[in-house]
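This report concerns only the one structure given below.
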2 protein chains.
Amino acid sequence: MGHTMREVAKRAGVSPATVSRVLNKTRYISVETQRRVLEVVRQLKYFKNVHARRLATGRSDLFGLVISEIANPYFPEVIRGFQAAAWDRGFDVILCNTQYDQARTKSILRKLIESDVRGVAVMTSSIDKATASELIDAGIGVVFCNVGPAGKLVSTISIDYQRGIEQAIEHIVGLGHRRAAVIAGPGDNRTAITIKDALVAGLKKRNLNPFPVINSNYRVDAGASAVRAMLSTTDKPTAIFCGSDLIALGAMSALEEAGAGIPEDISVIGIDDISFAFLARPPLTTIRVPRERVGTTAFEALDRMLKLKRRKGADYYLETELVVRRSTATAR
Amino acid sequence: MGHTMREVAKRAGVSPATVSRVLNKTRYISVETQRRVLEVVRQLKYFKNVHARRLATGRSDLFGLVISEIANPYFPEVIRGFQAAAWDRGFDVILCNTQYDQARTKSILRKLIESDVRGVAVMTSSIDKATASELIDAGIGVVFCNVGPAGKLVSTISIDYQRGIEQAIEHIVGLGHRRAAVIAGPGDNRTAITIKDALVAGLKKRNLNPFPVINSNYRVDAGASAVRAMLSTTDKPTAIFCGSDLIALGAMSALEEAGAGIPEDISVIGIDDISFAFLARPPLTTIRVPRERVGTTAFEALDRMLKLKRRKGADYYLETELVVRRSTATAR
DNA sequence: CACAGTGTGGAAAGCGCTTTCCTAACAGTG
DNA sequence: CACTGTTAGGAAAGCGCTTTCCACACTGTG
């Protein structure tokens with residue numbers, strides 16, 4: 001469709017090599033020749049072909065970012081962070097949603113390998129160890145973000161929920177609550193389990209033996225149905241810890257429907273601090289996860305790992321912290 | 001890094017051509033030969049190189065999707081729709097955020113051309129006609145989604161806000177409201193202007209002369225400050241039309257802070273029906289934009305246009321409809 | 001038996017770039 | 001003046017695939 005370098009070279013009266021060198025500034029070319037070449041490039045509206053370039057250089061400037069579902073409000077900031085970090089260093093990113101679908105995930109992985117990406121950041125638990133090793137075998141750097149197995153050759157980003165959860169429980173205990181419930185995320189999700197365990201352990205440590213944990217999924221209506229189930233029992237909690245902000249928002253809407261006041265009757269705490277958390281009514285008290293930094297850190301982890309001659313994974317930890325808003329108050 | 005087709009061919013005792021044909025099912029190859037080739041492919045964990053392929057075939061299987069900001073909740077479903085449609089037909093998509101930055105937009109455009117994408121869907125108003133024509137000159141299909149100029153060689157997707165807005169105004173009038181305000185989106189945004197004009201015209205037609213329109217931006221706190229300004233005047237509206245759900249959510253939170261009941265004192269209506277609209281409290285009455293269909297339609301528009309030998313843009317219209325929830329009620 | 005048709009596979013010419021050598025011209029040095 | 005260096009640029013060999021053209025071996029037909 002477009003023009004080729006050879007055409008540009010001919011019109012400028014130079015060799016393709018020279019054109020390449022001018023365009024990539026890869027060697028000094030006399031000012032006059034440069035001018036001629038650039039002039040022709042402008043006239044012809046020439047753009048170099050990235051596929052040919054990648055083939056010739058033998059290395060790609062691509063990174064993959066694998067998430068589960070783009071509509072999940074957890075991801076946008078992560079994506080932004082990752083992309084920004086990659087762009088800053090002249091790399092491009094291929095964004096892939098698994099949509100929680102195994103077959104699709106397989107085919108995504110294949111595409112990433114075929115695209116010869118340098119590294120991929122995996123943000124979804126739907127990739128298992130075997131699948132990941134395909135990447136590693138292909139010489140591709142891998143970083144798992146709060147999912148999946150650590151390993152000699154993969155880096156990991158771990159979100160330390162511990163601290164935020166500690167703060168949250170202290171906050172709630174300090175407000176005089178004695179009966180707390182936990183609505184956890186899906187039972188097959190590593191992050192959800194970690195959070196649930198931390199919550200339960202923390203509550204037990206302070207002798208607030210938690211209500212039976214309710215597992216839900218991350219869909220927006222999951223929190224709602226969990227709450228409806230909870231309210232149908234006689235013994236009601238005065239505080240609810242939710243495995244994500246989405247669950248918390250669902251819970252809040254069900255609580256309101258049931259006529260329970262937040263925070264007068266029941267306090268609600270979420271996790272993530274998605275952008276809507278502070279727009280909720282009342283604004284949601286939540287444990288903030290530094291999502292944009294998850295993205296940038298993931299990229300940097302890859303970048304660093306790939307620079308090592310003897311490749312070796314590293315582990316990164318990111319802190320969480322409690323953000324107190326108005327969905328929590330003294331127990332009545 | 002990986003193996004090449006030649007290596008596979010040698011180990012399987014065939015020619016590279018045969019390997020290519022087996023892998024792409026591009027010609028019948030005897031079952032026995034196929035088996036041998038595939039066996040070697042498995043042994044070697046061979047993956048074909050997509051850059052070489054694209055270079056050899058001379059056409060790419062890539063489409064570009066240009067949005068402004070991935071954290072804007074309007075986009076995720078659009079992206080999902082576009083990606084899904086592309087994947088279904090074996091194409092890949094390059095997702096680009098302009099972040100409202102001109103320089104960045106320039107460089108994105110260049111990258112898309114260099115990547116030899118077949119078409120690009122533009123969902124942000126930060127690309128002007130001149131820039132778009134660079135794409136067209138490069139033989140790339142272009143579709144504008146509710147932004148930018150129509151033209152001989154570009155297709156457009158237009159969201160028909162008219163109908164939804166009609167319904168919304170009727171709804172509000174039917175509830176007995178006589179004093180309505182409009183908080184519009186940014187004044188330099190084509191969509192925002194369209195919506196504002198339609199709202200104002202509709203209100204005037206029914207003799208509800210609207211309050212002075214307040215322009216805001218799409219940031220989440222814009223609605224809030226608009227409301228604060230509005231409430232400081234003596235004459236208060238009983239209904240507020242917001243240029244987007246985000247603005248509406250901001251408005252609601254400011255109204256609550258100011259002690260105004262929704263919907264008892266003031267009804268609020270948004271536009272978009274983002275996924276959080278129904279989680280708001282009260283759940284937001286809003287004009288739904290079929291976002292996923294915007295994405296799929298955009299892709300189909302490109303696909304169709306590119307199939308024409310004599311390329312020619314077409315225009316597509318997508319309907320909106322009112323979704324009544326609980327943020328609107330009879331005027332008091 | 002000659003011939004066309006068909007089914008299976010190989011040879012080789014690119015695709016549009018990058019990059020390694022080379023070369024020619026010129027300047028600087030002892 | 002012979003030499004070494006340096007500087008600006010060209011020739012050409014790929015990068016790893018696809019695809020056209022060709023060839024060979026069969027089969028079936030008149």
Side-chain angles (χ1 to χ4, degrees), chain A residues 1-38 40-41 44-62 90 110-111 113-118 138-139, chain B residues 1-38 40-41 44-62 90 110-111 113-118 138-139:
Chain A
M1 196 105 297
H3 301 274
T4 74
M5 204 169 227
R6 188 145 48 230
E7 294 173 312
V8 174
K10 184 144 51 153
R11 306 252 302 214
V14 298
S15 75
T18 303
V19 177
S20 170
R21 299 202 261 244
V22 168
L23 260 28
N24 299 309
K25 305 192 205 315
T26 164
R27 226 172 68 183
Y28 179 74
I29 296 291
S30 77
V31 192
E32 165 56 15
T33 309
Q34 274 192 47
R35 204 196 48 68
R36 277 215 318 280
V37 169
L38 292 176
V40 174
V41 164
L44 256 38
K45 295 175 201 282
Y46 166 77
F47 288 87
K48 57 186 195 288
N49 181 315
V50 76
H51 308 304
R53 167 174 238 280
R54 295 209 252 250
L55 181 57
T57 59
R59 69 195 116 81
S60 85
D61 43 2
L62 258 24
R110 162 172 296 275
K111 282 213 168 166
I113 299 179
E114 291 179 353
S115 301
D116 193 25
V117 294
R118 294 199 177 182
Chain B
M1 198 105 294
H3 301 276
T4 74
M5 204 169 227
R6 187 146 48 231
E7 294 172 314
V8 174
K10 185 146 50 160
R11 306 253 301 215
V14 298
S15 76
T18 303
V19 176
S20 170
R21 299 202 262 245
V22 168
L23 259 28
N24 298 309
K25 304 190 205 318
T26 165
R27 225 170 73 182
Y28 180 74
I29 296 290
S30 77
V31 192
E32 165 56 15
T33 310
Q34 274 192 47
R35 204 197 48 67
R36 276 214 320 280
V37 170
L38 291 176
V40 175
V41 165
L44 255 40
K45 296 176 200 281
Y46 166 77
F47 288 87
K48 59 184 192 289
N49 180 315
V50 76
H51 307 304
R53 168 176 238 278
R54 296 208 251 249
L55 182 56
T57 59
R59 66 195 119 81
S60 84
D61 43 2
L62 256 25
R110 161 172 297 274
K111 282 213 170 165
I113 299 180
E114 290 178 355
S115 300
D116 194 26
V117 294
R118 294 198 177 184

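Note on naming: letters A, B, ... go to the chains in the order of the sequence lines (proteins, then strands), and numbering restarts at 1 for each one.
- Computed from coordinates, the B/Leu23 CG to D/dC17 P distance equals 9 Å when rounded to whole Å.
- With distances taken from any side-chain atom of A/Ala56 to the nucleotides C/dA11, C/dC17, D/dC17, the minimum falls on C/dC17.
- Not a single donor-acceptor pair under 3.5 Å links the side chain of B/Glu114 to the backbone N or O of A/Phe47.
- Map B/Gly58 and B/Ala17 each onto its nearest nucleotide of DNA chain C; the residue landing nearer the 5' end is B/Ala17.
- Using a distance-only test at 3.5 Å, with no hydrogens or angles considered, no donor-acceptor pair links the side chain of A/Ser115 to the main chain of A/Val117.
- When the nucleotides C/dA12, D/dC17, D/dG10 are ranked by their closest atom to the side chain of B/Thr4, D/dC17 comes out on top.
- Between the side chain of B/Arg6 and the base of D/dG16 there is no donor-acceptor pair of N/O atoms closer than 3.5 Å.
- Counting any heavy atom pair closer than 4.0 Å across all strands shown, B/Val14 reaches sugar-phosphate atoms only and no base atom.
- Residue B/Val50 is classed as having no contact, given no heavy-atom separation below 4.0 Å to the nucleic acid.
- Atom-to-atom, CZ of B/Arg36 to P of C/dG9 comes out at 8 Å; the value is rounded to the nearest Å.
- One can find a donor-acceptor pair under 3.5 Å joining the base of C/dG10 and the side-chain atoms of B/Arg21.
- A/Arg21 places no side-chain N or O within donor-acceptor distance of the main-chain N or O of A/Tyr28, the cut-off being under 3.5 Å.
- Proximity note for B/Arg53 (side chain, C-beta onward) versus C/dC17, D/dA11, D/dC17: the nearest is D/dC17.
- When each of B/His51 and B/Arg27 is assigned the nucleotide of DNA chain D with its nearest heavy atom, B/His51 is the one assigned upstream, toward the 5' end.
- In this structure, the NE2 atom of B/His3 is 11 Å from the P atom of D/dC17, given to the nearest Å.
- With rounding to whole Å, B/Arg59 atom CZ is found 15 Å from C/dG14 atom C1'.
- Counting heavy-atom neighbours within 6.0 Å of B/Arg11 CZ, excluding the residue itself, gives a total of 12 or less.
- The minimum heavy-atom distance between B/Ser30 and B/Thr33, with the atom names listed, is OG-OG1, 2.7 Å.
- Of all nucleotides listed (D/dT18, C/dC17, D/dG10), D/dG10 comes nearest to the side chain of A/Thr18.
- When the nearest nucleotides of DNA chain C are assigned to B/Tyr28 and B/Thr57 by heavy-atom distance, the more 5′-ward of the two goes with B/Tyr28.
- In this structure, B/Lys25 atom NZ and D/dC17 atom P are separated by 17 Å, rounded to whole Å.
- Residue A/Thr33 places at least one side-chain N or O closer than 4.0 Å to OP1 or OP2 of D/dG9.
- Note: CG (B/Leu55) to P (C/dA13) measures 17 Å, nearest angstrom.
- A salt bridge links B/Glu32 to B/Arg35: one of the charged nitrogens lies within less than 4.0 Å of a carboxylate oxygen.
- In this structure, B/Arg54 places its CZ atom 16 Å from C1' of C/dC17, rounding to the nearest Å.
- Distances shown here put every side-chain N or O of B/Asn49 at or beyond 4.0 Å from the OP1 or OP2 atom of D/dC15.
- Between A/Ser30 and the phosphate of D/dG9, there is a side-chain N or O to OP1/OP2 separation shorter than 4.0 Å.
- Contact check, A/Ser15 against D/dA11: no side-chain N or O comes under 4.0 Å of OP1 or OP2.
- Remark: C1' of C/dT8 and CZ of B/Arg35 are 17 Å apart, rounded to the nearest angstrom.
- For A/Ala52, whose side chain is taken as the heavy atoms from C-beta onward, the closest listed nucleotide among C/dC17, C/dT18, D/dC17 is C/dC17.
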